Amino acid sequence: MAIRPVFIPREDGPALVEIVNVDFEWSPGMSVSQKQKSIASLHSNFQKQFPNARTLEVSSKSEEELGRQLSAFNMGVTSKNGHFISVESLFQSSKVFVSDSGTLGPFRELMLASPKEAKQSAKLKNAGVLKHFSFRPNEAREEEIWPTEPKTAFYDWLYLNTLNNSPLNVHLAHYSAFTDIEFNPDKSINCQAYSVALWCALTRRSLISGVIPGREDFLRLVTQFTIHNTSDGDPRNMSLF
C-alpha cells in the first residue's frame, strides 16, 4: 500500500487547493504499465470517497494524452533562437545555492538540457543549500529573485505562465481533481498536478485574466489564502464534493 495526494481546486473558501491523501495499492516497478496500475488504484480509491469527481493524472505516465502533454517535462516555451525550454529545465536552471565555498548558481546552461538531465544534474546535487531562485525573463531585463517561501510559489508561477498560454487549458474545465503518480511528498516539494489545480482555482475564481501577475502581485495574490503545501492533506476531508 502507498499514500499519495490528490489536488482539488476550490472555487470558494480559504484555500485555493485542497489536498486529500489517499491510500491505494502500489504496483512496484518502473514500467509505464506498472505506473498506470498504481494510477488506476489511486483514482479508484479516491472515487470511492468522491464519486462525483473527475480526476486527471498529470504526468508522462498518464493514460490520457492531455495528462501527458501537461507534464512539466513537455510543457515549456520556445526561445528566440527556436530552442524548446521545458518548465522543468527552466526551474532547475534558476536555482541558487549557498555553501561553505560561497554562492553557486544560477546554472543557466541547464535551460537547454533535457528536463531529466537538468533535474538530475550533479551541479545541483553538490551545490549546497538552496538559497533562492534567480529568473531572468530576457537579456534586456534584470534578474528577479524569488524566495523559497511559499515553498512552491516560483515553480507554480513558471508552470502557470506556460499553462495560461497553452491551448490545453480549455480542457481542464472537465476535471475536478488532479494527481501525479511520480510525485512523492516525502521526497519532493513541487508538483505539476498541484500547479494545474492552482491554475484551475485561480481561473474559476476569476482571479487571473489574460496574463499571470508578476512576482510581487503573484505572491500577494496566493498568500491571501490558506496555502497547503504539497505534503499536506487529510484523508478525512470528505466534504469537498
Side-chain angles (χ1 to χ4, degrees), residues 4-22 24 35-36 39-40 42-78 86-88 150 152-153 155-183 190-214 217-218 221-230 232-233 237-241:
R4 287 293 185 272
V6 179
F7 303 104
I8 303 164
R10 301 297 289 141
E11 296 185 18
D12 51 40
L16 293 169
V17 179
E18 293 285 2
I19 303 173
V20 175
N21 290 319
V22 178
F24 67 101
K35 295 287 187 180
Q36 290 182 343
I39 294 167
L42 171 59
H43 286 197
S44 176
N45 285 2
F46 178 69
Q47 208 77 28
K48 292 174 184 176
Q49 299 181 48
F50 305 103
N52 295 325
R54 186 175 180 191
T55 309
L56 177 68
E57 166 69 16
V58 181
S59 76
S60 59
K61 306 303 186 296
S62 180
E63 288 189 331
E64 297 189 50
E65 178 64 20
L66 175 62
R68 295 192 294 272
Q69 290 179 328
L70 288 170
S71 165
F73 279 28
N74 296 323
M75 294 281 283
V77 296
T78 301
S86 70
V87 170
E88 185 67 36
T152 68
Y155 180 93
D156 292 332
W157 183 81
L158 287 177
Y159 190 98
L160 263 62
N161 269 280
T162 305
L163 178 58
N164 206 50
N165 290 307
S166 169
L168 297 175
N169 65 43
V170 299
H171 303 292
L172 295 175
H174 304 296
Y175 297 93
S176 53
F178 303 92
T179 62
D180 177 1
I181 201 65
E182 301 284 19
F183 174 72
N190 302 287
C191 178
Q192 55 208 2
Y194 176 91
S195 299
V196 171
L198 179 61
W199 183 89
C200 289
L202 291 169
T203 301
R204 294 170 190 178
R205 294 187 189 214
S206 299
L207 293 174
I208 54 175
S209 177
V211 297
I212 302 299
D217 288 338
F218 180 77
L221 174 60
V222 296
T223 54
Q224 292 178 46
F225 299 90
T226 300
I227 297 177
H228 292 315
N229 294 325
T230 49
D232 294 339
N237 212 342
M238 301 291 290
S239 60
L240 298 175
F241 290 91

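Scope of the values below: all heavy atoms of this structure, side chains included, with no hydrogens, waters or symmetry mates. All values reported here derive from a predicted model rather than from experimental measurement.
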*Just do the side-chain contact (heavy atoms from CB on, under 4.5 Å) check on V77 and T162 with the steps written out, would you?*
CA-CA 7 Å; V77 296; T162 305; 4.3 Å; yes

*Are side-chain heavy atoms of L16 and R205 found at a separation under 4.5 Å?*
yes

*asked:* Using side-chain heavy atoms (C-beta onward) and a distance below 4.5 Å, is D180 in contact with Q192?
replied: yes

*Measure across L221 and P213 and return the closest heavy-atom pair with its distance rounded to 0.1 Å.*
CD2-CG, 4.4 Å

*Do N169 side-chain atoms and L163 backbone N/O form a donor-acceptor pair below 3.5 Å?*
yes

*Just checking, any donor-acceptor pair under 3.5 angstrom between side chains of S195 and D156?*
yes

*Evaluation steps, side-chain contact (heavy atoms from CB on, under 4.5 Å), between L160 and F218*: CA-CA 11 Å; L160 263 62; F218 180 77; 4.0 Å; yes

*4.5 Å side-chain heavy-atom contact, T203 and I208*: yes

*Do R204 and P9 come close enough that some side-chain heavy atom pair is under 4.5 Å?*
yes

*Determine whether L66 and R68 make a side-chain contact, defined as any pair of heavy atoms from C-beta on separated by less than 4.5 Å.*
no

_Go through it in stages, so that I can follow the logic: the residues are Y194 and F7, the test is ring-ring contact (aromatic ring centres under 6.0 Å, His included), and I'd like the CA-CA distance, side-chain angles, deciding distance and then a yes or no._
CA-CA 6 Å; Y194 176 91; F7 303 104; 5.6 Å; yes

*Side-chain donor or acceptor of S86 paired with backbone N/O of N74 under 3.5 Å*: no

*Looking at S176 and I8, what are the two nearest heavy atoms and their distance?*
O-CG2, 3.6 Å

*asked:* Hydrogens and angles aside, do W199 and N164 bring a side-chain donor and acceptor to less than 3.5 Å of each other?
replied: yes

*Would you say the side chain of F225 lies within less than 4.5 Å of the side chain of L207, judging by non-hydrogen atoms?*
yes

_Nearest 0.5 Å, please: how far is CZ in R4 from CD1 in I39?_
11.5 Å

*Please report the shortest heavy-atom distance between P167 and H171, naming the atom on each side.*
O-CD2, 4.1 Å

*Would you mind reporting whether L70 and L172 have side-chain heavy atoms less than 4.5 Å apart?*
yes

*State whether the side chain of N45 and the backbone N or O of V22 hold a donor-acceptor pair below 3.5 Å, judged by distance alone.*
no

*Please identify each residue that fulfils ring-ring contact (aromatic ring centres under 6.0 Å, His included) with Y159, with sequence neighbours left out.*
none

*Of the non-hydrogen atoms in S60 and S71, which two are nearest, and what is the gap between them?*
N-CB, 4.0 Å

_E182 vs K61, salt bridge (Lys or Arg N to Asp or Glu O under 4.0 Å): CA-CA, chis, key distance, verdict_ = CA-CA 8 Å; E182 301 284 19; K61 306 303 186 296; 2.8 Å; yes

*Quick one: are F183 and S59 in side-chain contact, heavy atoms under 4.5 Å?*
no

*Quick one: SG on C191 to CD1 on I19, what's the gap to the nearest 0.5 Å?*
9.0 Å

*Which residues satisfy the side chain to side chain contact (heavy atoms under 4.5 Å, CB included) test with T179, sequence neighbours excluded?*
V6, L42, H43, T55, E57

*Please walk me through it: do N21 and F46 pass side-chain contact (heavy atoms from CB on, under 4.5 Å)?*
CA-CA 9 Å; N21 290 319; F46 178 69; over 6 Å; no

*Looking at CZ of R10 and CG of L198, how far apart are the two atoms once the value is rounded to the nearest 0.5 Å?*
14.0 Å

*Could you tell me whether a side-chain N or O of S44 sits under 3.5 Å from a main-chain N or O of A40, the two making a donor and an acceptor?*
no

*Would you check, one step at a time, whether the test side-chain contact (heavy atoms from CB on, under 4.5 Å) holds for E65 with Q69?*
CA-CA 6 Å; E65 178 64 20; Q69 290 179 328; 3.3 Å; yes

